[in-house]
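Working notes for the structure below.
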Number of protein chains: 2
Amino acid sequence: MRLFWAKGYHATSLKDLEAALNMRPGSIYAAFSSKEALYLAALQRYFERSRDDLRARLEEAPSPVAALAGLLRATAGVVEDEAATAACMIVKTLLDTTAAEPEIADRSRGYLDAMRDEFAAAFERAQAQGEIAPDADAMRLARRFQSQLNALRIEAHRGTPRAELDALADDMARGFEDLRAATISAASA
Amino acid sequence: MRLFWAKGYHATSLKDLEAALNMRPGSIYAAFSSKEALYLAALQRYFERSRDDLRARLEEAPSPVAALAGLLRATAGVVEDEAATAACMIVKTLLDTTAAEPEIADRSRGYLDAMRDEFAAAFERAQAQGEIAPDADAMRLARRFQSQLNALRIEAHRGTPRAELDALADDMARGFEDLRAATISAASA
DNA sequence: AGAGCTATTGAGTGATCGCTCAAGAGCCAT
DNA sequence: ATGGCTCTTGAGCGATCACTCAATAGCTCT
């Protein structure tokens, strides 16, 4: 997963995979049936981990918006030793996939949609418990949140220094925390 | 350029380039000296067009912030027949480039930096002419703007429907137009 | 027309691609 | 120990990769 994540589908050869998995080609093809299937398995694992990490954050944080804002700020903090795995693997996959691999592209879109739905559900919970205004469009907020998160991680991949990354994450996080403030001020008005 | 943009560096073969350029391998290697050099030439052309388009918008628009907000909204409107060229070629390049092609990665970063500096200069002009608060950090605003623009274009690449894309662009554009409102309200306060 | 030059051609280079499969290793029950 | 089963091995498959170069075509001079 990490190898595919770092190098991408096309740039990763079976030689690379043999070394990373410590398996010979025959074993690889016995366990998985093709390079594409192996990639799809890696992508699925990546998605499940991302989703589970998000859910864990939502459970532990005091509120949905706090969890999401925290995720943005934490993402800036993950200055990986390998910057190649700073960007989201699903986004990398989507941008790298052409018409030659429609299955991979479709799955990528599906995973992104699933993550967006998780975000949307979180915003709906924030509305239900009065953290943000009830008349907002949760799906629209989710799309905005996901876009910002993807952009932040691309910025990290690019090599933007930690301080600037923190500032950017803070700008983004505030954008969502302000929804809370707006609700409060509207309620108190 | 369009072929590399759509398919990416690794997935584009010389066969593809021969067809797209209507040139035989010998001619391609006489004109450019390698696939990598050809890619770099395409990337440079892409950058120059992007930069020139931005400058034209900044000249024509009534103000810097109006130009930048307009760029975001216009980007949502570019629902290409080919969604493969919706995302920024430089971003795609950066995410697709590995340690095997350091020259391409370096150039990508350089172009992104150059675009960010253009954005920063625009925000500085907005400050100079009183459109936004003079104490803001223009470079920080530029980084935020560039991140949002990249994210919006990825969203377009992903296939998000036009209406949702417009809503997202509007959210983003407002984020910058609000800098103006804050200045005005502060001035009028 | 013909010499001199540049630009183009496309068959072919070795290397590497994703992938296969006959042969052998490892393991367990008898 | 031996037969039977699963799993692993790695040489090697055809295809394709980026790339080369001797031969040719096309052009501009006199």
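By convention in this document, chain letters (A, B, ...) are assigned in the order of the sequence lines, proteins followed by strands, and residues within each chain are numbered from 1. Just so you know, these numbers come straight off a predicted model, no measurement behind them.
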Residue whose nearest DNA chain C nucleotide is more 5′ - G26(A) or D16(A):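 Upstream on the strand: D16(A).
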Integer-rounded Å distance: [N] [atom2] and [X] [atom1]:
X: N22(B); N: dA7(C); atom1: CG; atom2: P; result: 18 Å
X: I28(A); N: dC17(C); atom1: CD1; atom2: P; result: 13 Å
X: E18(B); N: dA18(D); atom1: CD; atom2: P; result: 10 Å
X: R24(A); N: dC19(C); atom1: CZ; atom2: P; result: 18 Å
X: M23(A); N: dC7(D); atom1: CE; atom2: C1'; result: 10 Å
X: L17(A); N: dC19(C); atom1: CG; atom2: C1'; result: 13 Å
X: I104(B); N: dA18(D); atom1: CD1; atom2: C1'; result: 13 Å
X: F32(B); N: dC19(D); atom1: CZ; atom2: P; result: 13 Å

Where is the tightest heavy-atom contact between I28(A) and M23(A), given as atom of each residue plus distance?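 What the structure gives for the nearest pair is CG1-CB, 3.8 Å.
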Contact class for S33(B) vs. all strands (heavy atom < 4.0 Å): base, sugar-phosphate, or nothing?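 No contact at all - S33(B) keeps every heavy atom at 4.0 Å or more from the nucleic acid.
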When you measure from the side chain of [X], which nucleotide among [options] comes out closest?
X: S13(A); options: dC19(D), dT8(D), dC17(C); value: dC17(C)
X: K35(B); options: dC19(D), dC17(D), dG10(D); value: dC19(D)
X: Y29(A); options: dG18(C), dA11(C), dA11(D); value: dG18(C)

Over 60° means perpendicular and under 30° means parallel, so classify the ring planes of Y111(B) and F47(B), tilted if in between.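 If you compare the ring of F47(B) with that of Y111(B), the planes turn out parallel.
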Under a 4.5 Å cut-off applied to non-hydrogen side-chain atoms, are [X] and [Y] in contact?
X: E131(B); Y: R125(B); value: no
X: L54(B); Y: F119(B); value: yes
X: R158(B); Y: Q146(A); value: yes

side-chain N/O S27(B) vs dA7(C) OP1/OP2, d < 4.0 Å: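 No, no such contact exists.
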